[in-house]
Number of protein chains: 2
Amino acid sequence: MKNKQSYLQNYVSVDCVVLGYDEVENRLQVLLIKQKDPDKQNVDSYKSQYALPGDLINENESLDEAASRVLNELTHIKGIYLQQFYTFGHPDRVSAPKDADWLRVHRKDPNARVITIAYLALVRIDHITPLAGSFAENTIWRSIKKIPKLAFDHNQILGKALEIIKEHPEQHIMGRELLPPKFTLSQLQNLYEAMSGLQLDKRNFRKSIKTADYLIPLDEKQKGVLHKPAQYFSFKKSKK
Amino acid sequence: MKNKQSYLQNYVSVDCVVLGYDEVENRLQVLLIKQKDPDKQNVDSYKSQYALPGDLINENESLDEAASRVLNELTHIKGIYLQQFYTFGHPDRVSAPKDADWLRVHRKDPNARVITIAYLALVRIDHITPLAGSFAENTIWRSIKKIPKLAFDHNQILGKALEIIKEHPEQHIMGRELLPPKFTLSQLQNLYEAMSGLQLDKRNFRKSIKTADYLIPLDEKQKGVLHKPAQYFSFKKSKK
DNA sequence: ATACTTATTGTATTTTGTACAATTACTATT
DNA sequence: AATAGTAATTGTACAAAATACAATAAGTAT
């Protein structure tokens, strides 16, 4: 280590991969923001890009707090579990030509490197109203099967997040409010299938989750359905 | 996002948890550096601390490259697999009184926040000669069972690294050169046991690794041992 | 009464994990 | 040559978990 070396400016940001479970369509969507036309010119003159919600960290907040704040500013949701999953810091990760305009307007030093700590959140899509037209940007949900080209290295960040939930769906279901407080086993199975990308056998799925022992069977059934009504279940409170 | 907001200086560093496998003692040790007396006074006047090897990132290197460089500068080893495992960025992580002296000497802005990306490396301890008395610091191996109080939040960083290898020993053995090119199954089992902290049954261990299919049995036996000589094995080349 | 829809359930089979001890091949000693 | 000492090697019985697979049940609508 050199003594009191001079040191170039680094920006530090957090980016949030917010995955919303769409129970109706049984698919995961990702929350994206549309970068605004930085020069306030008409939209056609500027190639507006989609991006993951993210922002520079503030002075006195932890990384986790920064991620919570950014998520809250963009979705108005609070108390959601956010998991740090990787840090992206390649010197060139924000220096593609496509990103130059945005940086020029939004950064004091547009050429400075930005290191970003990426976070993953999972939510029920019908619990969130993306703040379209809010102070910052338009937000939209996009199916993870049809991801557009994103700003910076955000496609890479999203890809890593999707790998993680695909590998361990079970770790990202409990305590994440991805289902209503009361749900059927079919709803739970659909969620597993959407997260893993696999199709599961009904009988074996039910056997395995009953072994896992995190469900509470309720004395309540579906009503008004055109078939045998399913029993409702809820999650046991996690100990953490 | 605010427009061209002013932004406080953040330092960004990498810290390396280098775990060395000591086959003779069958234990893992961690590579620590001893911070030098910053004021060049006699050692007694300064509470010298142990720390994980780490350094600020340079301008044009990726995070992975920074970790490799730091590791190389401290151990002269190259080509070792380094895995990013977590980023630590609490605003107060370097502001304990114990760390003030060192920061005052080594940082232009001793009060600035430091975000550090932590990396994990595993090596054979007899392959590494820590560079005692080199330009920067003394380096020592310490058993992971007897970790002293470290600088900054390095105990926390080390703790997280140890959790990771404890949970998935198998992922950190292949391709890491933790054993000689030819090794016996007992050597391999000892390594597993050191990493997991568990004791394993010989027959069951052999059954499971033969299922795993990453070993090549060699036509060679131990020589000159006071017991039935063991067969040597080597790892299949990993495909990555 | 019938058709329709989804929920619910069990069994046989395979695979994997676990507990447990006798025999083998070498060296050193007598 | 026989014996003792040491670690390597191997198998079996049992339990638990994963997998493949289809008939019956409980509602609604006609």
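Chain naming here is simple, since letters A, B, ... match the order of the sequence lines and numbering starts at 1 in each.
Summarising the geometry, the separation between CG on A:Asn190 and P on C:dT6 is reported as 11 Å, rounded to the nearest angstrom. Rounded to a whole Å, the OH atom of B:Tyr232 is 11 Å from the P atom of D:dA8. Rounding to whole angstrom units, CG of residue A:Leu200 and P of C:dT8 are separated by 16 Å. In this entry the distance linking CD of A:Gln199 with P of D:dC21 reads 14 Å, nearest Å. The interatomic distance linking A:Leu198 (CG) with D:dA20 (P) rounds to 12 Å, in whole Å. Between A:Gln222 atom CD and C:dT6 atom P there is a gap of 11 Å when expressed in whole angstrom units. In this entry the distance linking CD1 of B:Ile209 with P of D:dT10 reads 11 Å, nearest Å. Spacing between atom CG of A:Leu188 and atom P of C:dA7 amounts to 13 Å, rounded to whole angstrom units.
Nucleic acid contact class of B:Ser186 (heavy atoms, under 4.0 Å, all strands): sugar-phosphate only.
A salt bridge is absent between B:Asp22 and B:Arg124: the closest approach of a Lys/Arg side-chain nitrogen to an acidic carboxylate oxygen does not fall below 4.0 angstrom. Classification of A:Glu73 and A:Arg69 as a salt-bridged pair holds, one side-chain N sitting under 4.0 Å from a carboxylate O.
Panel note: side chain A:Asn138, backbone A:Leu32; no donor-acceptor pair is recorded below 3.5 Å.
Each of A:Arg93, A:Gln35, A:Gln49 was checked for a side chain to side chain donor-acceptor pair (under 3.5 Å) with A:Asp99, and the lone residue meeting it is A:Gln49. No option in A:Asp126, A:Asn190, A:Leu179 other than A:Leu179 meets the side-chain contact (heavy atoms from CB on, under 4.5 Å) test with A:Glu23.
The distance between the ring centers of A:Phe233 and A:Phe183 does not fall below 6.0 angstrom.
Annotation: cation-pi geometry satisfied between A:Lys160 and A:Tyr86 (NZ/CZ under 6.0 angstrom from ring centroid, within 45° of ring axis).
Across the interface with DNA chain D, nearest-nucleotide mapping of A:Asp201 and B:Phe233 shows B:Phe233 to be the residue nearer the 5′ end. With DNA chain C read from its 5' end, the first of the two nearest nucleotides for A:Leu185 and B:Ser208 is the one closest to A:Leu185.
For the pair B:Arg206 and D:dT9, the criterion of a side-chain N or O lying under 4.0 Å from OP1 or OP2 is met.
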Base versus backbone protein contacts along nucleotides 21-30 of chain C [heavy-atom cut-off under 4.0 Å; B, S, -]: B--BBBSS--
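If you check the side chains of B:Asp219 and B:Tyr232, you find no donor sitting under 3.5 Å from an acceptor.
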Could you walk me through whether A:Tyr192 and A:Phe205 pass the ring-ring contact (aromatic ring centres under 6.0 Å, His included) check? CA-CA 10 Å; A:Tyr192 263 94; A:Phe205 177 77; 5.2 Å; yes
List, with names and distances, any nitrogen or oxygen atoms from the protein found under 3.5 Å away from nitrogen or oxygen atoms belonging to nucleotides 11-16 of chain C.
{"from": "C:dT11", "atom 1": "O4", "to": "A:Lys207", "atom 2": "NZ", "distance (Å)": "2.9"}

